[in-house]
2 protein chains.
Amino acid sequence: MNPEEFRAAAHQLVDWIADYRTRVPELPVQARVKPGEVAAQLPAAPPAAPEGFDAVLGDLDRVVVPGITQVQHPRYFGWFPSNATLSSVLGDIAASGLGALGITWQSAPALTEVEEVVVEWLRELTGLPASWRGSIQDTASSACHLALLAARERTTDYSGTRGGLQAEQAPLTVYTTEHAHSSISKAVALAGFGMDNLRLVETDPWTRAMSPKALAEAVAADVAAGKRPTAVMAGLGTTGTTAMDPLAEITRIAAEHRMWVHVDAAMAGSALLLPEMRWMIDGVEGVDSLSWNPHKWMGTVIDCALLYVADPDHLVRVMSSNPSYLRSTVDGEVTQYKDWGIPLGRRFRALKLWFQLRLDGVEAIQDRLRRDLDNARWLAEQVEAAPGWRLLAPVALQTVCMRYEPAGITDGDALDAHTLAWVDEVNASGATLITPSLLDGRWSVRVSIGAERTERSDVAAVWEVLRTAAERR
Amino acid sequence: MNPEEFRAAAHQLVDWIADYRTRVPELPVQARVKPGEVAAQLPAAPPAAPEGFDAVLGDLDRVVVPGITQVQHPRYFGWFPSNATLSSVLGDIAASGLGALGITWQSAPALTEVEEVVVEWLRELTGLPASWRGSIQDTASSACHLALLAARERTTDYSGTRGGLQAEQAPLTVYTTEHAHSSISKAVALAGFGMDNLRLVETDPWTRAMSPKALAEAVAADVAAGKRPTAVMAGLGTTGTTAMDPLAEITRIAAEHRMWVHVDAAMAGSALLLPEMRWMIDGVEGVDSLSWNPHKWMGTVIDCALLYVADPDHLVRVMSSNPSYLRSTVDGEVTQYKDWGIPLGRRFRALKLWFQLRLDGVEAIQDRLRRDLDNARWLAEQVEAAPGWRLLAPVALQTVCMRYEPAGITDGDALDAHTLAWVDEVNASGATLITPSLLDGRWSVRVSIGAERTERSDVAAVWEVLRTAAERR
């Protein structure tokens, strides 16, 4: 396809995108296709000769749009806000169009340096320590994995360069809570620690925050048993209830044992753009690494996660490689992001952050986040005031956890069945999407507020939908 | 930014992309900026209020374009072809515009099912076994890492669910060659094997292919020493010289010891789209996993790597997670790609493959690959016929390795200095980009043919540039 053919097709496509975004509010929130239904609409092989662009564009309407859950919908309250602001989309389009190759600084200096600048902008804007340095990764899952690898290698004095983890005698242990994201336990298994060496530290029954006392006891018990405490994976805004593990106390305990402290702030990190929310990171100066996803609440189109480290040398020692065909005369003077993660080749992801921050401006992003915090507080008040409804966790951010507990249902299993039934009914209706979640062993409902276009009127309308569905059963 | 503001800006942006792609041939191939020069052009903080789109668009010309090496240039012969065909760019634009969220099948069924279909199309088109299943990953580096994790867990009977690699007694060993990509040794360190347990198996001095006899001997020696041979990381088209490790013999040896065989065909995999190149994968039916990057020679805009596995159950057993908030009633009926890799959240990467294959058609892609193979053979003939020039490796694909060895220079170090000097001069001129590379301990030159717009006339012109620069020194 030559540039003129591209020009013609791309004008059609961006009109299609603008039209699609305009009509998202009219679509059912949850995709209604059955397993296999999308695949069945596609041919068994691609064409030998080119198809026209109209056929391909038509398939976006025919096959793709009905086949996705509309996370850009103003009444999407599912897993977490997954905003893809159109300002960031423009940056992503520029990245694709440029087709730059990020393997070393030399292959695309601007790809590296714009990334360095925008992650520094965001470090400053989120109040993280001035000495920290950041990089863009695909997801917080990968960032947690990298943090655990760095922790493992620091504790073993870089065993990877020798006999590996398998040559280590005293077992390495990792600490988190049951409320941590599933990527933490996955990373513990993948990094070779093994699930037997993951400790789920006790949490406060209401805030679900890690108990520092329980952490200290668990670490002491492991030390007494000849194990090596290696890392604490703290959560800031856990997935279930946005619990906040207390960083100041955790880092104090970790420092005594030279443990790595990683903070997973995947969704909650966006809140740090608000100065009044910085209480969340009290104690962060003792942390080794922190990751959060602009591709969630802040609204940079997926995928865009930030990984900040207090000392990038730990990453580079673990992950650098320097084959002859990647060497250049500027090595040593520049940042080589290939040594900060697993992939060698990188997209120009910094452009979508750069475009979003410039085209929207910081204040508009802050205003939107404050709107969402207000909406969550408002919804929590409604839940607390409504007969039969119970708020199940503090509303620290934009997530409201609730359950309708009718007086007539006293059996826990029956209550679970009731909850799942009305949630399923609501989601199947297409009016909204909310996520059922297990909390203290029982099904509850998470209403995760923060889609870019969600206004108070949407929250109020959906609250009525939930009440109606739950209370009439 | 609302859809109408997006519409206006996006029309400007796609015109800018079409214009940029048109003028790429006029730009210097290698970026000329100095370290820090790009960063110095950006302000210390993002704006509080929105900037106009013209300012941002202007910075693409002012800051970004001079700051990237033009890998889409017809005279780019550097690291590897990194084509970003405009047909695939359209698919990537659609993905960004949709802003779909891939975490489970339920969050975007079409994101999963279009991926299943296009990787199946490409499996069939590349002649891989019909029972294999594939997924899209970011890079071959990640794919190699995942393969090593699966191998490690299979050999240890899934130690990750118990005491981890650190609880294993007999050391696990991995086999590759010195010509393997740097991501292999990196993965060996990251997956906890440790560099002491990586064996660089002897290769043929001309083809640089792994010696099966040497592999068998290395494995036997490790078994005798009480170690557990776990994986062979074979290369198909190694980075340096496109060497082809012999899969039939490697898989025979691996089968005796139940070793995992992964094939890294990052760049070379595109050649499998040509039926006449299928000799490369003779023996592939004994392989456990194979990865290649459509984002290289085939031309899907970065990032897009394919990882095929003979039995996905090994990946899923190692990488599945199932927190309550991700469960749905269709679990078990659908593919959950979150369990095939490290990241939970996924972009809709399948769209760029879908668009490229449909808008270009398979035959045009095949024609382009054949053109490049012809061009490489032609260049190799010129090198062999030119006095003082030496072809340093067989030209199995599109990479030609060469050195100019003037009669007057007999000292190896002096020859290295001569080679690096003329290559540096050529690259600094902006006329082309070629990659110096160490081969058998001496600097040589790789001319990697395969940019989308490289025609015979470009290869011929650059060959004249190389001759002139090397021979006049």
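Computed from a predicted model, the values in this text were never measured in an experiment. Proteins get letters first, then strands, A, B, ... in listed order; numbering begins at 1 in each.
B/I93 pairs with exactly one of A/V89, A/I17, A/D92 by the side chain to side chain contact (heavy atoms under 4.5 Å, CB included) rule, that one being A/I17.
Residue A/V330 comes nearest to B/P35 through the heavy atom pair CG1-CG, 3.7 Å, listed as atom of the first residue, atom of the second, then distance. In this structure, B/T139 and A/G345 approach most closely via the heavy-atom pair CG2-O, 3.4 Å. Considering every non-hydrogen atom in both B/S141 and A/P343, the closest pair reads CB-CA, 4.0 Å. Contact detail for B/W121 and A/A44: the closest heavy-atom pair is CD1-O, 3.2 Å. Of all the heavy atoms in B/P109 and A/A31, the pair that sits closest is CD-CB, 3.8 Å. Across every non-hydrogen atom of A/I68 and B/A110, the tightest pair is CG2-CB, 4.2 Å.
Proximity of A/K186 to B/M319: side-chain heavy atoms (C-beta onward) are separated by under 4.5 Å at one or more points. Between B/V64 and A/L98, some side-chain heavy-atom pair lies under the 4.5 Å cut-off. Annotation: side chain of B/D15 is in contact with side chain of A/H11 (closest heavy-atom distance under 4.5 Å). At least one side-chain heavy atom of A/T22 sits less than 4.5 Å from a side-chain heavy atom of B/E4. Looking at B/L438 and A/R327, their side chains come closer than 4.5 Å, going by heavy atoms from C-beta outward. Contact annotation: the side chain of B/V38 never approaches that of A/E116 to less than 4.5 Å [non-hydrogen atoms, C-beta and beyond]. Taking 4.5 Å as the limit, every side-chain heavy atom of A/L101 sits out of range of all side-chain heavy atoms of B/T69. Side-chain contact between B/P50 and A/D360 is absent, with no heavy-atom pair separated by less than 4.5 Å.
The closest donor-acceptor contact from the side chain of B/W443 to the backbone of A/S324 lies at 3.5 Å or more, if one exists at all. Looking at B/E51, its side chain never comes within 3.5 Å of a backbone N or O of A/R358 through a donor-acceptor pair. A/N197 contributes a side-chain N or O that, together with a main-chain N or O of B/G163, makes up a donor-acceptor pair within less than 3.5 Å. Distance alone, capped at 3.5 Å, places no donor-acceptor pair between the A/W79 side chain and the B/S107 backbone.
Contacts of A/K352 with chain B are made by side-chain atoms alone, with heavy-atom separations under 4.5 Å and no backbone atom involved. Contacts of B/T239 with chain A are made by side-chain atoms alone, with heavy-atom separations under 4.5 Å and no backbone atom involved. With a 4.5 angstrom heavy-atom cutoff, A/L359 touches chain B via backbone and side-chain atoms both. Using a 4.5 Å cut-off between heavy atoms, A/Y158 makes no contact with chain B at all. There is no contact between A/V118 and chain B, counting heavy-atom distances below 4.5 Å. For A/R152, the part lying under 4.5 angstrom from a heavy atom of chain B is the side chain only. The part of B/Q30 that comes within reach of chain A is its side chain, from C-beta onward, which places non-hydrogen atoms under 4.5 angstrom from that chain. With a 4.5 angstrom heavy-atom cutoff, B/P43 touches chain A via backbone and side-chain atoms both. Of the atoms belonging to B/V318, heavy atoms from both backbone and side chain fall under 4.5 Å from chain A. Within the 4.5 angstrom heavy-atom criterion, atoms from both the backbone and the side chain of B/L172 approach chain A. Proximity to chain A (any heavy atom under 4.5 Å) is shown, for B/A9, by both the backbone and the side chain. When heavy atoms are compared at a cutoff of 4.5 Å, B/V71 approaches chain A solely by way of its side chain, counted from C-beta outward. The parts of A/A48 that come within reach of chain B are both its backbone and its side chain, each placing non-hydrogen atoms under 4.5 angstrom from that chain. Interface remark: A/V33 contributes backbone and side-chain atoms alike to the contact with chain B (heavy atom separation under 4.5 Å). Proximity to chain B is limited to the backbone of A/P436, based on heavy atoms less than 4.5 angstrom apart. Contact annotation for B/L13: only side-chain heavy atoms (C-beta onward) come within less than 4.5 Å of a heavy atom of chain A. Using a 4.5 Å cut-off between heavy atoms, A/L125 touches chain B through its side chain atoms alone. Contacts of B/A100 with chain A are made by both backbone and side-chain atoms, with heavy-atom separations under 4.5 Å. The part of A/A84 that comes within reach of chain B is its side chain, from C-beta onward, which places non-hydrogen atoms under 4.5 angstrom from that chain. Only the side chain of A/V117 comes within less than 4.5 Å of a heavy atom in chain B; its backbone stays farther off. With a threshold of 4.5 angstrom between heavy atoms, B/F53 approaches chain A through its backbone and through its side chain.
For chain B, the option among A/L42, A/L57, A/N2, A/D424 with the highest count of heavy-atom pairs below 4.5 Å is A/L42. Among A/S321, A/P171, A/A170, the residue with the largest count of heavy-atom pairs under 4.5 Å with chain B is A/P171. When each of A/R446, A/H295, A/Q72, A/Q366 is scored by its heavy-atom pairs under 4.5 Å with chain B, the top score falls to A/Q72. Contacts with chain A were tallied for B/G97, B/P46, B/P3; B/P46 has the most, counting heavy-atom pairs under 4.5 Å. With chain A as partner, the option from B/A189, B/G192, B/G99 having the largest number of non-hydrogen pairs under 4.5 angstrom is B/G192. Considering only heavy-atom pairs separated by less than 4.5 Å from chain B, the leading option among A/L90, A/T435, A/L344 is A/L90. Across B/G67, B/S142, B/S87, the residue that shares the most heavy-atom pairs under 4.5 angstrom with chain A is B/G67. Note on A/A140, A/A187, A/G341, A/S96: by heavy-atom pairs under 4.5 Å with chain B, the leading option is A/S96. Interface remark: of the candidates B/E120, B/E168, B/Q106, B/Q106 forms the most heavy-atom pairs closer than 4.5 Å to chain A. With respect to chain A, the highest number of heavy-atom pairs below 4.5 Å among B/A364, B/S183, B/A94 belongs to B/A94. Contact count against chain B (heavy-atom pairs under 4.5 Å) is highest for A/I103 among A/N83, A/T85, A/I103.
Considering CG of A/L165 and CD of B/Q166, their distance stands at 5.0 Å, rounded to 0.5 Å. B/S182 OG to A/N322 CG: the interatomic distance, rounded to the nearest 0.5 Å, is 8.5 Å. Going from atom CZ of A/R162 over to atom CE of B/M195 covers 13.0 Å, rounded to the nearest 0.5 Å. With values rounded to the nearest 0.5 angstrom, A/S159 atom OG is found 13.0 Å from B/F193 atom CZ. A distance of 10.0 Å separates OG of B/S88 from CE of A/M1, quoted to the nearest 0.5 Å. The CG atom of A/L190 lies 5.5 Å from the CD1 atom of B/I342; values are rounded to the nearest 0.5 Å.
The aromatic rings of B/H145 and A/H145 lie perpendicular to each other, with more than 60° between the two planes, well past the 30° mark.
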Does B/R347 form a salt bridge (charged side-chain N to carboxylate O under 4.0 Å, His left out) with A/D138? I'd like the steps, not just the answer. CA-CA 9 Å; B/R347 263 174 78 79; A/D138 56 0; over 6 Å; no
